[in-house]
Protein chains: 2
Amino acid sequence: MGAYMPSGVPVLRDYRNPGDGAVPVRCTGCPIRDRAVCSLCSADELAKLDAIKSYRTYTHGAEIIGLGEDIEFVASIVTGVVKLTKTLADGRTQMVGLLFPGDFLGRAQTGPAEFDAVAANDVTLCCFSRTPFRRLMHETPNLEDRLLEMTMDELDSAREWMLLLGRKTAREKVASFVQMLWHRTGASQSDEGGEIALPLTRAEIAEYLGLTIETVSRQMTKLRGDAIIDFTSARNVRVLDMEALEEAAGS
Amino acid sequence: MGAYMPSGVPVLRDYRNPGDGAVPVRCTGCPIRDRAVCSLCSADELAKLDAIKSYRTYTHGAEIIGLGEDIEFVASIVTGVVKLTKTLADGRTQMVGLLFPGDFLGRAQTGPAEFDAVAANDVTLCCFSRTPFRRLMHETPNLEDRLLEMTMDELDSAREWMLLLGRKTAREKVASFVQMLWHRTGASQSDEGGEIALPLTRAEIAEYLGLTIETVSRQMTKLRGDAIIDFTSARNVRVLDMEALEEAAGS
DNA sequence: CGCAAACTTGATTTGAGTCAACTCCTGTGG
DNA sequence: CCACAGGAGTTGACTCAAATCAAGTTTGCG
């Protein structure tokens, strides 16, 4: 289970393992069937994918792909959260991607990875070797169409993230982060007051937002002081006032 | 011709109109044939694209796509430079894309634009109505494959840009910008000392880098003081020391 | 229970933003 | 052909938001 999940807290969000690390063997009943790269595939197309897939698990902190590695597989995130990061020579690190269940990891084309991919908590991947996947993609328009659509969605969200990094204040960044999690973890609109278990440490949130740990912490404290969010623990946020949160996020 | 080009200066880079705004009617001989979304297409595939294409021109500053518009076309940039920007409620704006000849503008899928697209100088587009383009894309794997590849390249470069926005200093940002232009404008390695005509104003460079005009100007002056770059005019840079520029860019 | 990692809080520094002139082009019209 | 208007760019003085440095406190795990 997610290393960050305090024991005894009820399961709230689906980026954690449903069940207990038990993973579907058949695609039918797969928890990400409706969102993943395979979501447009018909039953027989799915059977072909089924034949080339394999599951891999990574524990919290494990490196999935290292910078410059020539990755031999692509994958769908089944459970857990994967962070993509880029690092400058002197160690300054920026997160450049955060993948939730259903998201796709890797390029179908050849070439070395441009970033590190690390399991932010315990992760299960549904992996496809690159060559058979590419072949299947060419035979299966539904697969390629969905991958193109997902890649363009990623690009849109990268652009939103660029606006955040380039122009938002620390307060706006932190509020935007909570708001993003709220949406990505599949909260329903009526869920105000519901709890979000943060999948990232303060240090990782800082990497995501282009800030320092201290600034993230201070802004979290201020948002709590303004009665916009509350914490049941450092890793469990409750949104008290969704409208004020949107206001604070500047969007 | 590009409004920023001082008269009498020899043509240096291909993001300006080759010839005089004269545009190819046939795809053969198109200046972006080797790089654009159509680059993998065979002669007969190209003929089908040819049948649905049309050229549009925009003068410097013209809006190509407004935020929230449901764009009825997608396009390849033939000549000129297109900037994509996002703006917060109070007017803070961040550039989130910069498209050169060969780059692709728009989503094949449906849905409103997530950003503004503006002609940074005089621009020619090779446009395809969205519906026929989508249909053709489904019939033509070479087209969809290339679009997927280009979209993933865009995503990689957006992630590099995120590292810049989140973690680089003002000096590193400005140096990175010059370096990026050097590569995007197709300079050859042996071109040290060659000139780059900046396609953007200082204000636009600031939007690109998440800085203010003043900071961009100061850092340009410092890089000049360090004998890394030089200016023949405010809009024409010469790279004096490529190695030092890379060092200053922090990559 | 105790230790280390994660997180918070406070004091101080600093890099980039803001505000304010000023210069330099470039194009226009008398 | 020159004057001059206006936009683009530069430079300087000052401010401020976030980084840095430095203790603390809390939490969770062995």
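Side chains are part of it too, since the values below use all heavy atoms of this structure and drop only hydrogens, waters and symmetry mates. Reminder, nothing fancy here: chain letters follow the sequence lines and each chain counts from 1.
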Assign each of B/Arg202 and A/Arg171 to its nearest nucleotide of DNA chain D by heavy atoms, then name whichever residue's nucleotide is nearer the 5' end.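 Looking at DNA chain D, the more 5' nearest nucleotide goes with B/Arg202.
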Apply the test side-chain contact (heavy atoms from CB on, under 4.5 Å) to residues A/Arg171 and A/Asp226: give CA-CA distance (whole Å), side-chain angles for both, the deciding distance (0.1 Å), then the verdict. CA-CA 12 Å; A/Arg171 179 186 173 88; A/Asp226 295 346; 2.9 Å; yes
[X] [atom1] to [N] [atom2], straight-line distance once rounded to whole Å:
X	N	atom1	atom2	answer
A/Asn236	D/dT26	CG	C1'	15 Å
A/His60	C/dA6	NE2	C1'	11 Å
A/Leu200	C/dC7	CG	P	10 Å
A/Leu209	D/dA17	CG	P	18 Å
B/Ile213	C/dA16	CD1	P	17 Å
B/Arg224	D/dT10	CZ	P	8 Å
A/Arg92	C/dG15	CZ	C1'	13 Å
B/Phe231	C/dC25	CZ	P	13 Å

Does A/Glu114 come within less than 4.0 Å of B/Arg159, counting only side-chain N to carboxylate O?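 Here A/Glu114 does not pair with B/Arg159 in a salt bridge, since their nearest N and O are not under 4.0 Å apart.
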May I ask you to verify whether the side chain of B/Glu214 and the base of C/dC19 hold a donor-acceptor pair under 3.5 Å? yes
Base C/dG15 to side chain B/Arg218, donor-acceptor N/O within 3.5 Å cut-off: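 For B/Arg218, whose side chain was compared with the base of C/dG15, there is no donor-acceptor pair (under 3.5 Å).
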I need the B/Lys83 NZ to B/Asn121 CG distance, nearest 0.5 Å.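 The CG atom of B/Asn121 is 10.5 Å from NZ of B/Lys83, to the nearest 0.5 Å.
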Which label fits A/Tyr208 and A/Phe177: parallel for a plane angle under 30°, tilted from 30 to 60°, or perpendicular past 60°?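 Answer is perpendicular, since the angle exceeds 60°.
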Is the phosphate of [N], meaning OP1 or OP2, less than 4.0 Å from a side-chain N or O of [X]?
X	N	value
A/Thr215	D/dA17	no
B/Thr201	D/dG7	no
A/Thr212	D/dA19	yes

With a 4.0 Å cut-off on heavy atoms, is B/Leu211 in touch with a base, just the backbone sugar-phosphate, or nothing at all?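 If one applies the 4.0 Å heavy-atom cut-off, B/Leu211 turns out to touch the sugar-phosphate alone, with no base involved.
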Look at all strands and tell whether A/Ser217 reaches a base, only sugar-phosphate, or nothing, counting heavy atoms closer than 4.0 Å.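 The answer is base, as A/Ser217 lies within the cut-off (heavy atoms under 4.0 Å) of a base atom.
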So, the side chain of B/Glu204 versus the backbone of B/Thr201: is there a donor-acceptor pair under 3.5 Å, distance only?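 Looks like yes, one N/O pair under 3.5 Å.
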By nearest nucleotide on DNA chain C, pick out whichever of A/Met220 and A/Arg167 is the more 5' one. A/Met220
